[in-house]
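Here the structure is laid out as structure tokens; the discussion comes afterwards.
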There are 2 protein chains.
Amino acid sequence: MAHPRFSRLAPERQQAILDVAAEEFAEHGFDGASYNRIIERAGISKGSAYYYFEGKDDLYATVLETTLTGLVDRVGTWTRPGDAADFWRQLRHAYFGMLDFVMSDERSARLIRGMAQARANPKLQEVWLRFEAPLSTWLGRVLADGRRVGAVRRDVPEDLLLVALTGMAQATDFWLLERWERQGANASRRSAEQVFALIQDLATERPTGKAPRAKKS
Amino acid sequence: MAHPRFSRLAPERQQAILDVAAEEFAEHGFDGASYNRIIERAGISKGSAYYYFEGKDDLYATVLETTLTGLVDRVGTWTRPGDAADFWRQLRHAYFGMLDFVMSDERSARLIRGMAQARANPKLQEVWLRFEAPLSTWLGRVLADGRRVGAVRRDVPEDLLLVALTGMAQATDFWLLERWERQGANASRRSAEQVFALIQDLATERPTGKAPRAKKS
DNA sequence: GCAGGATTAGACCACTGGTCTAACTACCGG
DNA sequence: CCGGTAGTTAGACCAGTGGTCTAATCCTGC
């Protein structure tokens, strides 16, 4: 979305600008962040700022883009699993990789967590969709693979399961963050294991083999 | 938080003001909403506005307060269940009551969904905590009751389960909303059943009786 | 009828994201 | 080496933001 002119800038200059912006957005969230302040701190003029980016939204999207690219590079590798064990191994790897990423780089973590704002913010729906869609697609493919090897339950609509899992992962991320801040990295590893166990639990079919129904008892 | 002066106003006047505010916040979210516009539409002057409320945050909190009160009145009743069946019946009632509330009153629904913004927004953390805390307490009590009658799993820390369930419920709410808009009330009832089944599924222990662990297969 | 507190009105402030024009720079043909 | 032109930058300016403050008005009790 950013004007191509921006990419023609010297890479270090680009980096510097995005750095300032990332800092601001991470600290204050999208709405709280001041475009003017970013401009000032980056040492560019308003004219230049609007020459490179279409506006605040655009800069925000660009910052998110680079951040998420970093995450995907680290975690996004996925090869079609041969069997259920392979599936879980890969999913586990991806999940803990993401946790590592999010716990080791606070700024990126805040940016990513801040995306939740974008979903609710009418002005940012475009941005939200742009980043949410590919993520859903990716996870959808992963789940489909999981079904193929018999690891993932079939008694629940695929898209519902996807949404449920994402929501749970996101919510528990905050829970983990709290744990992590209180107990440090090592102790919170156990908590992460518990969370992953829950994810696994939700994603697999109940051993009884019955579709989950609202039971009377 | 609102100044007591506000409650000394004629009830219809209060209602009118909160009505305008609710509309604005529901439509634009907290950050997008214009305090000035609310003031203007409510037909009061700036002086009065700041005489009644401490500021935008305060008005927002007041609006949320009355909205959530409506929800709690409708759904919040809970008596200690005698057995597991009773527990599920009550939980089911509460869940579907909440869904009804959220699906029948769009404005309130948007306000409540908008609360997700508050969580991420640094400026609104105070507001978020104020409303999140009692809700968590309530759900915590419910889960504890569920454990007591053997309906809710014990193999997962109580607070983790709480967070996971809330996150899932919230995420699936958006999913349901989509369904509801596309299929109408009746058809989406089935979807809601599926979601509740998932909730129930997540909250109960696996029949094998084993603690969920990261299985190798 | 008047004093004094409660209430209202609205000018004013620093700041917001965004627009626009004028100036400057760099390159390229003659 | 100059002149013109496209690419780039600077910053004044705009309407709108949430918030403050003072002066006027209202209302009540004496």
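As a basis for the values below, the full set of heavy atoms in this structure was taken, side chains included, without hydrogen atoms, waters or symmetry mates. Quick note on labels: first sequence line is chain A, next is B, and so on, each numbered from 1.
Heavy-atom distances under 4.0 Å link DNA chain D to no residue of residues 14-35 of chain A.
For the pair A/Asp57 CG and C/dG17 P, the interatomic distance rounds to 11 Å; values are reported in whole Å. Residue B/Leu9 contributes atom CG, which lies 12 Å from atom C1' of C/dA6 at whole-angstrom precision. A straight line from CG of B/Asp58 to C1' of D/dG18 spans 14 Å, rounded to a whole angstrom. Computed from coordinates, the A/Arg8 CZ to D/dA6 C1' distance equals 11 Å when rounded to whole Å. Distance B/Ile39 CD1 to D/dG19 P: 9 Å, rounded to the nearest Å. Between the P atom of C/dA9 and the CD1 atom of B/Ile44 lies a distance of 9 Å, rounded to the nearest Å. Atom-to-atom, NZ of A/Lys56 to C1' of C/dT16 comes out at 8 Å; the value is rounded to the nearest Å. Between the OH atom of A/Tyr51 and the C1' atom of C/dG18 there is a distance of 18 Å, given to the nearest Å.
At least one cation-pi condition fails for A/Arg147 and A/Phe87: the charged atom is not both under 6.0 angstrom from the six-membered ring centre and inside a 45 degree cone around its axis.
Distance alone, capped at 3.5 Å, places no donor-acceptor pair between the B/Lys123 side chain and the A/His28 backbone. For the pair A/Gln194 (side chain) and B/Val156 (backbone), a donor-acceptor distance under 3.5 Å is absent. No donor-acceptor pair closer than 3.5 Å links the side chain of A/Ser188 to the backbone N or O of A/Ser191. A donor-acceptor pair is defined here as one N or O able to donate and one able to accept, closer than 3.5 Å; such a pair exists between the side chain of B/Gln14 and the backbone of B/Ser7.
Between B/Tyr50 and B/Tyr35, the two ring planes are perpendicular [angle over 60°; tilted spans 30° to 60°].
Within the 4.0 Å cut-off from OP1 or OP2 of D/dA10, at least one side-chain nitrogen or oxygen of A/Ser45 is found. The side chain of A/Asn36 contributes an N or O atom lying less than 4.0 Å from OP1 or OP2 of C/dG17.
At most 12 heavy atoms of other shown residues, nucleotides or ligands fall within 6.0 angstrom of atom CG in B/Asn186.
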message: For B/Gln200 and B/Thr204: C-alpha separation, side-chain torsions, deciding distance, then whether side chain to side chain donor-acceptor pair (under 3.5 Å) applies.
response: CA-CA 6 Å; B/Gln200 215 173 349; B/Thr204 55; over 6 Å; no
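With sequence neighbours left out, the salt bridge (charged side-chain N to carboxylate O under 4.0 Å, His left out) criterion links A/Asp57 to no other residue.
Residue contacts shown for A/Phe53 are absent, as no nucleic acid heavy atom lies under 4.0 Å away.
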Using a cutoff of under 3.5 Å, can you pull out all pairs of nitrogen or oxygen atoms linking the protein to nucleotides 20-25 of chain C, with atom names and distances?
none

